[in-house]
Protein chains: 2
Amino acid sequence: MQWFERSRAEVIDLLLQHEISPTTQRIEIATALLSYAQHISAEEILNKVNHSKTKVSKATIYNTLGLFVRKGLVRELLVDAEKVVYDSNTTFHHHFYNVDTGELTDIIADDVPLNAMPYLPNGTYVESVEVIVRLRNHATTH
Amino acid sequence: MQWFERSRAEVIDLLLQHEISPTTQRIEIATALLSYAQHISAEEILNKVNHSKTKVSKATIYNTLGLFVRKGLVRELLVDAEKVVYDSNTTFHHHFYNVDTGELTDIIADDVPLNAMPYLPNGTYVESVEVIVRLRNHATTH
DNA sequence: CTGCTTGCAAAGGCTTTGCAGAACA
DNA sequence: TGTTCTGCAAAGCCTTTGCAAGCAG
């Protein structure tokens with residue numbers, strides 16, 4: 001699945017749809033998040049944004065990411081003990097994580113029949129489902 | 001699924017089975033891990049162990065946990081951006097994580113038909129699969 | 001002896017916080 | 001002018017590392 005670099009107007013629209021006032025910094029960060037690189041870490045956003053005209057501080061990056069997650073604009077994804085990435089694709093899908101290369105790719109949900117949700121504890125409902133399939137490369141002739 | 005407090009001999013055996021030399025500290029840590037509280041964090045282990053006779057340093061806890069994971073004695077489980085827990089149940093199963101209470105419970109794998117693994121990237125094999133179903137409590141009358 | 005283990009304390013890396021100034025309505 | 005937002009620097013937290021002492025074979 002590919003993403004497009006969104007137009008400024010599109011990004012602003014998306015922010016508004018999620019009840020986020022579209023400040024310059026937030027537009028910048030959202031644009032980075034929504035660009036073709038779907039899975040992006042806080043640090044990568046920091047780099048990406050600060051290569052553009054608008055500079056954004058670390059504090060603002062982190063605060064804004066937290067805000068975006070709370071507002072449902074992006075999904076927080078735990079791939080590694082020490083690695084959180086943000087996923088701009090909020091549709092229901094899962095992930096391959098290649099431990100050897102660090103590569104993270106989507107699995108469209110329909111490919112993984114995960115419909116049965118039996119025995120839900122009483123009084124609870126499902127907020128989200130996270131499936132991470134950890135891959136390794138086959139040992140090959142070196 | 002319930003676990004038993006293992007006998008010292010059992011724990012040593014388990015360590016040996018995983019090619020881990022059973023030092024005093026490792027036995028202590030393994031016992032904590034294998035006790036009824038299946039999902040336990042580094043900090044909880046630290047507390048648990050240091051309430052026993054044998055004190056173990058933080059450094060050793062972390063090093064030992066790393067060792068155990070590498071040797072396949074326990075499974076590292078990412079529940080929260082900032083929370084890693086260790087799961088002494090290494091059989092194939094998944095987890096409910098109640099965001100409201102922090103409670104973490106098992107889903108036996110058979111209850112979630114997750115057999116299809118289509119479109120595996122070329123040259124890779126599945127190392128592990130992690131499914132976390134995030135739950136919330138239904139809003140009720142207060 | 002020689003190598004593996006442990007533990008202390010320091011270093012590290014990422015994230016959050018406090019607070020003052022800037023931007024916006 | 002009041003509220004929201006931003007950014008700097010400091011603080012915090014969990015985890016790792018360096019290194020010396022301890023222990024085991």
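Lettering of chains follows the sequences in order, A, B, ..., and the numbering in each one begins at 1.
- Taking the side-chain contact (heavy atoms from CB on, under 4.5 Å) definition, one finds that A/Thr24 meets it with A/Thr54, sequence neighbours left out.
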Identify all pairs in which a protein N or O lies below 3.5 Å from an N or O of nucleotides 18-25 of chain D, and state each distance.
none

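- Between the P atom of C/dT5 and the CZ atom of B/Arg26 lies a distance of 4 Å, rounded to the nearest Å.
- The shortest distance between the side-chain N/O atoms of B/Thr23 and the OP1/OP2 oxygens of C/dT6 is below 4.0 Å.
- With rounding to whole Å, A/Ile40 atom CD1 is found 15 Å from C/dC14 atom P.
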Name every donor-acceptor pair, under 3.5 Å, that has one atom in a side chain of residues 56-65 of chain B and the other anywhere in the protein, sequence neighbours excluded.
residue : atom : partner : partner atom : Å
B/Ser57 : OG   : B/Thr60 : N            : 3.3
B/Ser57 : OG   : B/Thr60 : OG1          : 3.1
B/Asn63 : ND2  : B/Ala59 : O            : 3.2
B/Thr64 : OG1  : B/Thr60 : O            : 2.6

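- Looking at heavy-atom distances under 4.0 Å, A/Thr60 makes contact with a base.
- Between B/Tyr125 and A/His138, the two ring planes are tilted [angle within 30° to 60°].
- Residues B/His93 and B/Ile107 fail the side-chain proximity criterion, which asks for heavy atoms closer than 4.5 Å.
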Problem - Contact pattern, 5' to 3', of nucleotides 20-25 of chain C - B, S or - by protein heavy atom under 4.0 Å - result: ------
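- Rounded to whole Å, the distance from NZ on B/Lys58 to P on D/dT15 is 9 Å.
- Atom P of nucleotide D/dC5 and atom CD1 of A/Ile20 are separated by 10 Å, given to the nearest angstrom.
- For C/dC4, the OP1/OP2 oxygens have no side-chain nitrogen or oxygen of B/Ser21 closer than 4.0 Å.
- Here the side chains of A/Val133 and A/His95 are not in contact, with every heavy-atom distance at 4.5 Å or above.
- Judged purely by atom type and a 3.5 angstrom limit, B/Arg134 uses its side chain to pair as donor or acceptor with the backbone of B/Val79.
- Judged by distance alone, the side chain of B/Ser88 and the main-chain N or O of B/Val74 form no donor-acceptor pair under 3.5 Å.
- A straight line from OH of A/Tyr62 to P of D/dC13 spans 17 Å, rounded to a whole angstrom.
- Across all strands shown, A/Lys55 has heavy atoms under 4.0 Å from sugar-phosphate atoms exclusively, and none from any base.
- Put simply, CD1 on A/Ile61 is 9 Å from P on D/dG7, counting in whole angstrom units.
- What separates CG of B/Leu65 from P of C/dT6 is a distance of 12 Å, to the nearest Å.
- Contact check of residues 66-82 of chain A against DNA chain D (heavy atom, cut-off under 4.0 Å) returns no residues at all.
- Shown here are the side chain to side chain donor-acceptor pair (under 3.5 Å) partners of A/Glu44, two or more places apart in sequence or in another chain: A/Ser41.
- Nucleotide D/dC8 holds its P atom 11 Å from the CG atom of A/Leu46, rounded to whole Å.
- Heavy atoms of B/Val56 sit under 4.0 angstrom from primed sugar atoms or phosphate atoms, though from no base atom.
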Exercise for the section: Show your working on ring-ring contact (aromatic ring centres under 6.0 Å, His included) between A/His94 and A/Phe92 and close with a plain yes or no. Expected result: CA-CA 7 Å; A/His94 311 305; A/Phe92 191 61; 5.0 Å; yes
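- Side-chain contact check for B/Leu78 versus B/Lys83: every heavy-atom pair is 4.5 Å or farther apart.
- Counting only heavy atoms from C-beta outward, the side chains of A/Pro22 and A/Leu16 approach each other to under 4.5 Å.
- Side chains of B/Leu77 and B/Glu130 form a contact here, defined as non-hydrogen atoms less than 4.5 Å apart.
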